[in-house]
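Note sheet for the following structure.
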Amino acid sequence: MTHIQTEKTHIPPTIAPYAFMAEEDRCAPRHKVAIPARMRFSGSSSFASEVGNLSLAGFACDALLQAHPGTRCWLTLPGLAPLEAEVIHRKEAGLGCAFRNMLNPAVLDRFIASYPPRDSVPT
């Protein structure tokens, strides 16, 4: 069994293609959105969050609670059951996560149309 080695992670071959797309290649275009959501890390209670960008492969959200890469989490978007994901990176007060299963394109389109990004603050 061969493994794929990235700069930060040793990935088993069973998940290597998807993990590479989500973490390294960023294969799916990201769309700026402002979606109120709930996040839950494995073994903890859920908390309010806002998804700032969304793609077929993953999302970025604000998170006051920080988690290390590899942490399993669940994202609940309005009208959907919780979506399992994995924390890929953390920056400042935000997390980047990869969905365990790709998001349905029709669902992505619905969220892009329904939750446009916030307008910038007037100066």
Qualifying residues under side chain to side chain contact (heavy atoms under 4.5 Å, CB included), relative to A48, sequence neighbours excluded: R38
Let me check something: any side-chain donor-acceptor pairs from residues 77-84 under 3.5 Å, sequence neighbours excluded? List them with distances.
{"from": "E84", "atom 1": "OE2", "to": "R72", "atom 2": "NE", "distance (Å)": "3.1"}

Which residues pass the side chain to side chain contact (heavy atoms under 4.5 Å, CB included) test with T71, sequence neighbours left out? F41, A67, H68, V87
Quick one: are W74 and S46 in side-chain contact, heavy atoms under 4.5 Å? no
Is the backbone of D62 close enough, under 3.5 Å, to the side chain of S49 for a donor and an acceptor to pair up by distance? yes
Nearest heavy-atom contact between S55 and P29 is CB-O, 3.2 Å
Single-linkage hydrophobic cluster, 4.5 Å side-chain cutoff, I112 and F99 together: yes
Looking at every heavy atom in both N53 and R30, which two are closest together, and how far apart are they? OD1-NH1, 3.4 Å
At their closest point, which heavy atom of C73 faces which heavy atom of C97, and how far apart are they? SG-SG, 4.0 Å
Given M39 and C61, is the side-chain contact (heavy atoms from CB on, under 4.5 Å) satisfied, shown in steps? CA-CA 9 Å; M39 281 281 293; C61 68; 4.2 Å; yes
P36 and E50, any side-chain heavy atoms less than 4.5 Å apart: no
Could you walk me through whether H89 and L95 pass the side-chain contact (heavy atoms from CB on, under 4.5 Å) check? CA-CA 6 Å; H89 65 81; L95 298 174; over 6 Å; no
Using a 4.5 Å cut-off on heavy atoms from C-beta on, say whether the side chain of F111 contacts that of V33. no
